[in-house]
Every structure is written in C-alpha cells, then in structure tokens.
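The structure appears right after this line, and notes come after that.
Note that the coordinates shown come from a computational prediction; the quantities given were computed from them, not determined experimentally. Keep in mind that the numbers below use all heavy atoms, side chains included, and drop hydrogens, waters and symmetry copies.
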Amino acid sequence: MKKQPSPITQSTNYVNLHRLIFLVDGVFAITMTLLVLELRLPESDTASLSQSLLSMLPRLYIYFIAFYSIANHWVVHQRMFRHVTDADTNMLWLTILGLLFITLIPASTAIVGRFPAEKLAAACFSANSFLQGMTVWIFWAYVAKNHKQFASDSDPRLLAITSQIWLVISVGWLASILLSFVNVYMTYVSWILWPNLVAIWGNRRRRLLMNDKRVR
C-alpha cells in the first residue's frame with residue numbers, strides 16, 4: 001500500500017500572500033520614517049540658523065530622492081502584486097531580499113547626506129539601488145517564466161514587460177555607479193531622470209499592449 005504524504009509535507013512551499021504583503025507594507029512604512037531622522041541641523045555653536053539651514057540642503061535633496069525612490073517602489077509593488085495569484089518559497093525569499101536593500105536606503109542616504117560631494121558616497125547609494133532593482137527584476141522574471149502557476153489571470157506579455165522594465169532600470173543604476181566616479185552631480189540627476197524615463201517607456205509599452213488586445 002502506497003504511503004500518502006503528510007499534510008505538513010504538502011504545505012511546506014505554501015506562502016500566505018496576505019502576510020507577505022503586510023510585511024512589505026510594514027517595512028516600507030518604517031523605512032520611509034527612518035529617513036527623516038537624518039535631517040538634523042549641524043552641531044556647530046558658531047554657525048547661524050541660516051548657515052545651518054543652507055548646509056542642510058544636500059541632505060534635504062538626497063532625502064527627497066530617497067523618499068521618492070522608496071515611495072515609487074511601494075507604488076509599483078502594490079500595483080504589480082495584484083497580478084500574483086500564488087507564490088512559492090523562491091518568491092518569498094526574493095521579496096525578503098528586496099526588502100533588505102530597501103531597509104539599507106536610510107543608511108546609504110545618510111552617507112550621501114554627510115559626504116554629498118564624495119564620489120564613493122554616491123556610488124554606495126547607486127550600488128544599493130542597483131542590487132534592489134536586480135532583485136525585483138529576478139522576481140518578475142521568475143513570475144513571467146511561471147505565469148501559469150503564479151499569475152494565471154494575467155497576460156504573460158504584460159509580466160514580461162514588467163520584468164524588462166526592471167532590467168533596464170537596474171542597468172541604469174549600474175551605470176550610475178560608474179558615473180558617480182566621473183561626476184557626482186550628474187549622478188544625482190540620473191537618480192531621478194533615468195527611472196522616470198524608463199517608467200514612461202514601460203507605460204507606453206503597456207498601453208500599446210492593451211490597445212492591441214482591444215483591437216483583437
């Protein structure tokens with residue numbers, strides 16, 4: 001008589017999507033809050049308030065960039081995760097790995113805020129963002145490859161576009177690491193410009209795909 005597998009064995013790869021989403025939301029909320037802790041006036045007895053506020057401008061600039069980056073990641077996550085109908089352990093750990101680099105954003109932001117003109121400081125922020133983007137790309141490439149199992153209700157072409165968008169974004173972050181050793185201020189501009197240009201390109205591809213589906 002063939003022995004039936006135990007219920008525990010059958011459920012070892014089960015992932016509760018609601019708990020995973022709650023974890024992601026909590027990590028994003030805490031990380032966004034931690035960013036503001038770096039916005040402190042310089043500790044100097046001789047500087048006036050106006051001088052202190054002016055010296056805070058680099059930190060304020062990188063704060064806005066980092067806050068926007070985290071917020072954008074959360075918006076994309078909550079929009080695209082609606083396509084996920086099931087998940088396995090690989091997707092769970094890829095999500096957690098992505099959260100690791102999200103939680104490092106306040107630390108890399110603090111480095112740039114303290115040394116705004118340092119090439120290595122900008123490279124640290126770019127490297128952290130590159131690793132986070134690569135993790136998201138691997139996640140969506142995995143979903144697109146196994147869409148029948150993990151995103152059965154979505155068009156696989158849409159999932160492929162999402163994967164490609166994150167690959168292009170990651171390449172841009174990799175380029176910004178190299179750019180930071182050439183010109184720090186151009187790197188700052190690329191942090192805002194590149195992800196938004198890629199987003200516009202990606203949204204255009206999605207609209208073309210939706211229009212094509214309507215025509216058919």
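Closest non-hydrogen pair, Ser170 versus Phe130, comes out as O-CD1, 3.2 Å. Of all heavy-atom pairs between Ala121 and Ile111, the closest is CB-CG2, 3.7 Å. Minimum interatomic distance between Ala66 and Thr109 (heavy atoms only, all atoms of both residues): CB-OG1, 3.2 Å. Taking every heavy atom of both residues into account, Ala117 and Val184 meet most closely at O-CG2, 3.7 Å. Across all their heavy atoms, Val84 and Asp86 have their closest contact at CG1-O, 3.1 Å.
Looking at Asn183 and Tyr188, their side chains never bring a donor and an acceptor atom within 3.5 Å of each other. Between the side chains of Ser176 and Ser126, at least one donor-acceptor pair of N or O atoms lies under 3.5 Å.
For Leu34, the side-chain contact (heavy atoms from CB on, under 4.5 Å) partners two or more places apart in sequence, or in a different chain, are Ile30, Leu37, Pro106. For Phe64, the side-chain contact (heavy atoms from CB on, under 4.5 Å) test picks out Leu60, with sequence neighbours left out. Partners of Arg204 by side-chain contact (heavy atoms from CB on, under 4.5 Å), not counting sequence neighbours, listed by chain and number: Arg207, Leu208.
To the nearest 0.5 Å, atoms CD (Gln132) and CG (Leu100) are separated by 10.0 Å. To the nearest 0.5 Å, atoms CG (Asn16) and CZ (Phe22) are separated by 8.5 Å.
The 12-atom threshold is exceeded at CH2 of Trp201, counting heavy atoms of other residues, nucleotides or ligands nearer than 6.0 Å.
Screening Trp137, Phe150, Trp93 against Tyr142 for a ring-ring contact (aromatic ring centres under 6.0 Å, His included) leaves a single residue, Phe150.
Side-chain atoms of Leu179 and Ser190, non-hydrogen and from C-beta on, do get closer than 4.5 Å to each other. Taking the side chain as every heavy atom from C-beta outward, Asn196 and Tyr68 approach each other to under 4.5 Å. Using a 4.5 Å heavy-atom threshold, the side chains of His83 and Leu159 count as touching.
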Evaluate Leu92 against Asp88 for side-chain contact (heavy atoms from CB on, under 4.5 Å), listing each step before the verdict. CA-CA 6 Å; Leu92 174 64; Asp88 65 358; over 6 Å; no
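A perpendicular orientation is assigned to the rings of Phe81 and Trp140, their planes being inclined by more than 60° (bins at 30° and 60°). Using bins of under 30°, 30° to 60° and over 60° for the plane-to-plane angle, the ring pair His73/Trp166 lands in the parallel bin.
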